[in-house]
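Fair warning: this is a prediction, and the values are worked out from it, not measured in the lab. Order of the sequence lines fixes the chain letters, A, B, ..., with proteins taken first and strands second; residue numbering starts at 1 for each chain.
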Amino acid sequence: MSNAESEPPETGEAIGEKLTELAKRRGYFFRSSGSYGGVGGFYTFGPQGASLKGNVEDAWRDRFAIAEGNMEIDAPTIMPEPVFEASGHLDGFDDMLIECPDCGTSSRADHLVEDETEYEDAESLPIHEVEEIIAEYELVCPECGAGLAGVAVEEFNLMFATNIGPGDSQPGYLRPETAQGIFVEFPRLKEYARNQLPFGVTQIGRAYRNEISPRRSIIRTREFTQAELEYFVDPEADEPNLERVEDVELTLYPASEQRNDDGSEVETTIGSALEDGIIGDPWVAYFLGVAKPWYEAVGVDMDRFRFRQHLSGERAHYAADCWDAESEIDGNWIELAGFAYRGDYDLSKHADHSGDRFTVFKQYDEPQTVERATVDPDMSYLGPEFGGDAGAVAEELEALAGRDRSAFEADAVEIELEGETHEIPAEKTGFAVEEQTEAGEHVVPHVVEPSFGIDRLVYTVLHHAYREDEVDGEQRTYLELEPEVAPTFVGVFPLQNDDALEEQAREIVADLRDAGLSVTYDDSGNIGRRYRRQDEVGTPFCVTVDYETIENEETTVTVRERDTTAQKRLPVGDLAETLSAIRAGEMAFEEL
RNA sequence: GCGCGGAUGGUCUAGUGGUAGGACCUGAGCCUUCCAAGCUCAUGGCCCGGGUUCAAAUCCCGGUCCGCGCACCA
């Protein structure tokens with residue numbers, strides 16, 4: 001177990017409940033299918049939430065696809081069973097649960113068998129065998145000691161199963177991660193990359209896990225959105241451009257510190273963390289360095305953010321080094337993203353299972369000439385001599401030529417086949433040593449995988465943006481969302497119900513929308529109420545048309561900033577341009 | 001999946017075996033020359049299914065969902 005949930009920074013009071021209430025009331029997110037009683041683990045993003053989420057996805061795409069020069073694809077969410085046999089999800093995602101008839105405790109049946117008997121890989125055994133083993137060894141409930149012999153073992157796979165087409169002849173599954181959609185299409189994707197390593201493929205999409213108990217709002221759901229990058233590299237040749245990120249400062253929580261009782265987080269830079277060996281892999285380090293400023297830009301509070309290294313027991317067996325991005329929410333650390341060096345695990349598995357080629361041809365600088373021992377067996381001799389074994393004999397000859405040329409120097413070549421020794425006259429083997437020119441080799445790329453959870457990030461962004469303060473003695477709740485991700489960028493109001501003011505305000509709305517800004521118009525109640533309404537959904541700016549606007553020669557409006565409630569008067573003509581510049585981060589409100 | 005607690009307008013909540021009230025929000029109107037003001041009016045609710053009862057939002061059972069703990073989290 002990690003102590004990932006220990007020692008949260010002492011910032012922020014518990015605001016999860018208030019946020020959930022606000023999210024429901026204002027349209028960020030809410031439980032799905034409420035009219036039918038609701039369903040666990042599924043949430044709908046309302047108008048505000050969908051917009052915020054879309055903006056976060058756009059920001060991710062800008063940074064991890066476009067700015068890095070990576071491709072983006074959009075693969076199906078349902079894939080056929082063999083894909084998941086290859087990926088390991090069909091077996092590895094399978095839990096065997098056994099429930100104690102006395103105390104009701106559920107245990108992992110496969111773990112019980114592995115712990116208490118000499119069986120080592122109980123997970124791969126069929127259910128009935130596990131049940132037999134439990135009966136045979138008279139295993140008991142680890143909690144209360146009651147006998148478990150004869151108790152049914154229940155299989156629980158975290159993947160949602162379905163059927164493709166009529167009947168159940170072609171089982172399929174909803175993908176438990178978006179990554180497989182990329183790996184499966186690798187042979188074609190590498191063509192689009194013109195067979196050049198390194199290259200990256202991104203995907204933003206839904207993934208599905210039939211969680212036993214979804215919890216904590218949209219933090220752990222059964223359907224969620226991931227943004228993943230699979231970056232394919234030549235492990236021999238490719239190196240990340242660390243200069244771009246080496247000065248990025250970050251908070252790390254390495255495995256070594258987690259094991260200490262008084263372990264603590266480490267403040268360092270990408271460059272020194274690599275030098276000190278804290279981060280093991282330069283590619284992982286590179287993407288941590290890209291991710292940190294990005295998280296900051298979309299509104300994650302860097303005082304409540306860290307990268308935590310996986311402990312060795314926590315890592316998947318193929319992952320050499322693995323770090324999670326984590327944010328702190330009401331005293332708990334939640335996982336926002338995982339950065340794993342997956343080696344050639346995924347591509348090799350799919351190569352084995354599909355028979356397709358998951359490699360990239362890497363041309364040498366200079367063609368290389370190598371001596372290679374080859375055989376060309378005389379099958380008209382081997383056939384009559386060995387009958388049905390002739391093919392196997394030929395294969396063994398070829399293998400032998402590869403490992404021991406001297407075996408072919410005698411008049412007769414000895415080979416072993418199923419324990420028997422056979423002699424083949426040397427002249428019948430067609431043995432030769434030839435010079436071959438090789439232009440390059442097929443390499444299985446290694447994969448670096450930054451994998452982001454979007455829903456959790458949206459929740460974190462809202463949580464970290466939540467503010468309460470007082471304006472003129474009145475309580476105020478507002479969301480300090482970054483302009484780049486805020487669902488609505490500007491609200492436009494007439495100061496009062498007045499045809500002239502309203503007409504002018506509607507013109508401004510049209511202008512701003514033409515400029516591509518997300519605008520809302522509001523003329524209900526009084527001006528203060530409208531400001532508060534926009535504050536609560538996190539709209540960064542409000543524009544108000546008053547009598548000065550329509551009476552003075554120069555048409556001006558007030559622009560009011562959300563966080564400070566400060567106002568400035570600006571000419572209408574420059575409004576769209578100025579606000580667009582602010583949204584793009586090229587200008588600050590204070591500079592106006 | 002187990003245990004404990006919960007579920008009343010959009011939101012937050014009061015409530016008793018005799019068919020539900022408030023606040024906020026929302027909408028209409030009045031008022032209003034910049035921060036949830038005031039006045040009038042309006043919309044809208046007892047999670048679902050069974051049982052007990054003359055009568056159930058209330059008591060009982062089951063389910064669904066939510067929160068917490070346990071287990072689970074490739």
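Within the 4.0 angstrom heavy-atom criterion, base atoms lie near A/Glu177. In this structure, A/Arg560 reaches the bases: a heavy-atom distance under 4.0 Å links it to at least one base atom across the strands shown. Here A/Gln567 lies in heavy-atom contact (under 4.0 Å) with a base. Counting non-hydrogen atoms under 4.0 angstrom, A/Glu211 reaches nothing in the nucleic acid. Within the 4.0 angstrom heavy-atom criterion, no nucleotide atom of any strand lies near A/Gly27. Residue contacts for A/Asn497: at a heavy-atom cut-off of 4.0 Å it reaches a base atom on one of the strands shown. The residue A/Arg31 sits close only to the backbone: its heavy atoms come under 4.0 Å of sugar-phosphate atoms, none of a base.
In terms of polar N and O atoms assigned as donor or acceptor, the side chain of A/Tyr531 comes within less than 3.5 Å of the base of B/rC34 in a complementary pairing. Remark: the A/Glu21 side chain and the B/rC12 base include no donor-acceptor N/O pair separated by less than 3.5 Å. The base of B/rC34 lies close enough to the side chain of A/Asp546 for a donor and an acceptor atom to sit less than 3.5 Å apart. Counting distance only, with no hydrogens placed and no angle test, the side-chain atoms of A/Arg220 and the base atoms of B/rC72 include a donor-acceptor pair under 3.5 Å.
Between A/Phe339 and A/Phe452, a ring centre-to-centre spacing shorter than 6.0 Å is recorded. In summary, the aromatic rings of A/Phe287 and A/Phe64 are positioned with their centroids too far apart to meet the 6.0 Å limit.
Geometric assessment of A/Arg506 against the ring of A/Tyr521 yields a positive cation-pi assignment under the 6.0 Å and 45° thresholds. Remark: A/Arg476 is positioned above the aromatic ring of A/Tyr478, its terminal NZ or CZ atom under 6.0 angstrom from the ring centre and at most 45 degrees off the axis.
Taking 4.0 angstrom as the limit, A/Gln496 places a side-chain polar atom (N or O) nearer than this to OP1 or OP2 of B/rU33. Residue A/Lys24 places at least one side-chain N or O closer than 4.0 Å to OP1 or OP2 of B/rC12. At the phosphate of B/rU26, OP1 or OP2 sits under 4.0 Å from a side-chain N or O atom of A/Arg529. Residue A/Asn526 places at least one side-chain N or O closer than 4.0 Å to OP1 or OP2 of B/rA37.
Comparing A/Ser524 and A/Glu561 against RNA chain B, the residue whose closest nucleotide sits nearer the 5' end is A/Ser524. For A/Gly528 and A/Asp522, each mapped to the nucleotide of RNA chain B holding its nearest heavy atom, the one lying further toward the 5' end belongs to A/Asp522.
Closest to the side chain of A/Leu495, out of B/rU33, B/rU26, B/rA36, is B/rU33.
Exactly one of A/Glu228, A/Glu177, A/Glu230 qualifies for a side-chain hydrogen bond (donor to acceptor under 3.5 Å, both in side chains) with A/Ser451. That residue is A/Glu228.
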